[in-house]
Amino acid sequence: MLTVDFTRFPLAAGDRVLDLGCGGGRHAFECYRRGARVVALDRDGDEVREAAKWLWAMDQAGEAPPGATAAALRGDALALPFHDASFDAVIVSEVLEHIPDDEGVLAELVRVLRPGGRIAVTVPRYGPEKVCWALSDAYHEVEGGHIRIYRAGELLDRLRASGLRPYGSHHAHALHTPYWWLKCAFGVDNDQALPVRAYHKLLVWDITKKPRATRLAERLLDPVMGKSLVVYATKPQLPETGAPAA
């Protein structure tokens with residue numbers, strides 16, 4: 001299940017891509033399939049090992065084109081182990097809401113992104129997330145949980161303040177919003193509640209089968225109640241030097 005729309009975030013074969021806070025690796029997998037040279041980085045060692053396992057399996061199955069590479073690393077978003085301008089593209093999906101120093105993370109991402117490179121940032125959308133917080137303290141008051149809710153304008157301001165230029169945005173995963181409302185209402189750790197189990201089956205069916213009806217329904221509902229806000233931005237090109245003075 002991808003949050004980033006790769007028609008709005010185009011990659012070329014051989015592009016160097018950082019998937020920061022990769023989790024299980026879903027976006028890293030897609031970049032790898034598209035021929036990128038991918039680094040999937042997360043602070044959670046278990047997640048890194050899981051992503052590495054699947055990247056290896058994709059390599060063995062021949063799912064990536066020649067020239068594509070992939071690696072999974074454990075690392076700190078506030079001290080990335082990469083040189084300046086190391087990447088052509090960066091994805092940071094559902095990460096910033098977890099980190100107290102989100103401005104520090106954005107500064108690091110801008111540092112490792114080359115001039116002219118693209119970044120895709122996704123966070124929980126304000127409205128659906130606010131409902132989750134109202135229904136359940138356990139949803140966000142856990143170690144490593146969500147510590148803030150972004151309004152769209154606030155996120156755009158943070159990106160601009162870090163030196164990025166936003167060029168597009170949208171919402172995603174509207175069908176997942178009611179699921180999280182149900183989880184919060186019945187208990188975030190209570191997966192056995194009938195409404196939660198039933199809705200989870202619906203989501204699994206939708207993800208695996210991709211029926212036309214639910215795909216159309218989600219496209220129509222995303223602007224209204226999409227669970228995630230997705231913003232795309234570029235890092236400005238360096239100004240030309242050596243031009244004669246006027």
Should Val4 and Leu155 be counted in the same cluster of Ile, Leu, Val, Met, Phe, Trp and Tyr side chains packed under 4.5 Å apart? no
Going through the distances and angles, do Asp46 and Asp44 end up as a side-chain contact (heavy atoms from CB on, under 4.5 Å)? CA-CA 6 Å; Asp46 291 337; Asp44 187 318; 3.3 Å; yes
Looking at side-chain heavy atoms only, is the closest gap between Pro166 and Arg160 below 4.5 Å? yes
Evaluate Asp137 against His140 for side-chain contact (heavy atoms from CB on, under 4.5 Å), listing each step before the verdict. CA-CA 6 Å; Asp137 290 337; His140 64 96; 4.2 Å; yes
What's the shortest heavy-atom distance between Tyr32 and Pro65, and which atoms? O-CD, 3.7 Å
Side chains of Asp19 and Asp42, heavy atoms from C-beta outward: is any pair under 4.5 Å? no
Are any side-chain N or O atoms of Trp180 and backbone N or O atoms of Val131, one a donor and one an acceptor, separated by less than 3.5 Å? no
Does any part of the side chain of Leu41, heavy atoms only, come nearer than 4.5 Å to the side chain of Pro81, both counted from C-beta? yes
same_hphob_cluster(Val105, Val17) at 4.5 Å side-chain heavy-atom cutoff: no
In the single-linkage hydrophobic clustering (I, L, V, M, F, W, Y; side-chain heavy atoms under 4.5 Å), do Val90 and Phe9 co-cluster? no
I'd like to check Thr214 versus Trp205 (side-chain heavy atoms, cut-off strictly below 4.5 Å). Are they in contact? yes
Heavy-atom count around Trp54 CH2 within 6.0 Å, excluding the residue itself: above 12? no
Leu229 and Tyr126: CA distance, side-chain angles, deciding distance, side-chain contact (heavy atoms from CB on, under 4.5 Å) verdict: CA-CA 8 Å; Leu229 166 66; Tyr126 184 85; over 6 Å; no
Any heavy-atom pair between the side chains of Val196 and Tyr179 that's under 4.5 Å? yes
Provide the full list of salt bridge (Lys or Arg N to Asp or Glu O under 4.0 Å) pairs with a residue in residues 74-89, sequence neighbours left out, each pair given once. Arg16-Asp88, Asp84-Arg111, Asp88-Arg114
To the nearest 0.5 Å, what is the distance between CG (Leu20) and CZ (Phe87)? 9.5 Å
Spell out, as yes or no, whether a donor-acceptor pair under 3.5 Å connects the side chain of Lys210 to the backbone of Ile207. yes
So, taking the atom named CZ in Arg215 and the one named CZ in Arg212, what distance separates them when rounded to the nearest 0.5 Å? 13.0 Å
Locate the shortest heavy-atom distance separating Thr177 from Gly226; write the atom from each residue and the value. OG1-C, 3.9 Å
Closest heavy-atom pair and its distance - Val188, Ser136: CG1-OG, 3.9 Å
For residues 197-204, which side-chain N or O atoms pair as donor and acceptor with protein atoms under 3.5 Å away, sequence neighbours left out?
unit_1	atom_1	unit_2	atom_2	d
Arg197	NE	Gln192	O	2.9
Tyr199	OH	Leu175	O	2.6

Checking His27 side chain against Thr3 main chain: does a donor-acceptor pair fall under 3.5 Å? yes
Identify which one of Glu97, His171, Glu94 satisfies the side-chain hydrogen bond (donor to acceptor under 3.5 Å, both in side chains) criterion when paired with Thr122. Glu94
Between the side chain of Asp222 and the main-chain N/O of His173, is any donor-acceptor distance below 3.5 Å? yes
What are the two closest heavy atoms between Pro115 and Ala85, and how far apart are they? CD-CB, 4.2 Å
Nearest-0.5 Å distance that lies between atom CZ in Phe186 and atom CG in Asp191: 12.5 Å
Do the non-hydrogen side-chain atoms of Ile119 and Thr234 ever get within less than 4.5 Å of each other? no
Any Val230 side-chain heavy atom under 4.5 Å of Asp5 side chain: no
Would you find more than 12 non-hydrogen atoms of other residues, nucleotides or ligands less than 6.0 Å from Arg43 atom CZ? no
Would you say the side-chain atoms of Tyr150 and Arg148 include a donor-acceptor pair closer than 3.5 Å? yes
State whether the side chain of Tyr232 and the backbone N or O of His170 hold a donor-acceptor pair below 3.5 Å, judged by distance alone. no
Is it the case that one hydrophobic cluster holds both Val121 and Leu113, taking links as side-chain heavy atoms less than 4.5 Å apart, direct or via other members? yes
Determine the minimum heavy-atom distance between Gly25 and Ala51, stating which atoms define it. CA-CB, 4.3 Å
Rounded to the nearest 0.5 Å, how far does CZ of Arg118 lie from CD1 of Ile91? 12.0 Å
Is any NZ, NE, NH1 or NH2 atom of the basic residue among Glu129 and Arg125 found under 4.0 Å from an Asp or Glu carboxylate oxygen of the other? no
Listed by chain and number, what are the side chain to side chain contact (heavy atoms under 4.5 Å, CB included) partners of Ser162, not counting sequence neighbours? Leu106, Val110, Leu164
To the nearest 0.5 Å, how far apart are CG in Leu159 and OH in Tyr167? 12.0 Å
Report yes or no: does Lys227 contribute a side-chain atom to a donor-acceptor pair with the main-chain N or O of His176 at less than 3.5 Å? no
Any non-hydrogen side-chain atom of His146 less than 4.5 Å from a side-chain atom of Trp133? yes
Please tell me whether Leu55 and Leu18 are part of a single hydrophobic cluster in this structure, the criterion being side-chain heavy atoms less than 4.5 Å apart. no
Output for pair (Asn190 CG, Lys183 NZ), nearest 0.5 Å, gives 8.0 Å
Are Ser93 and Arg26 close enough that a side-chain donor and a side-chain acceptor fall under 3.5 Å? yes
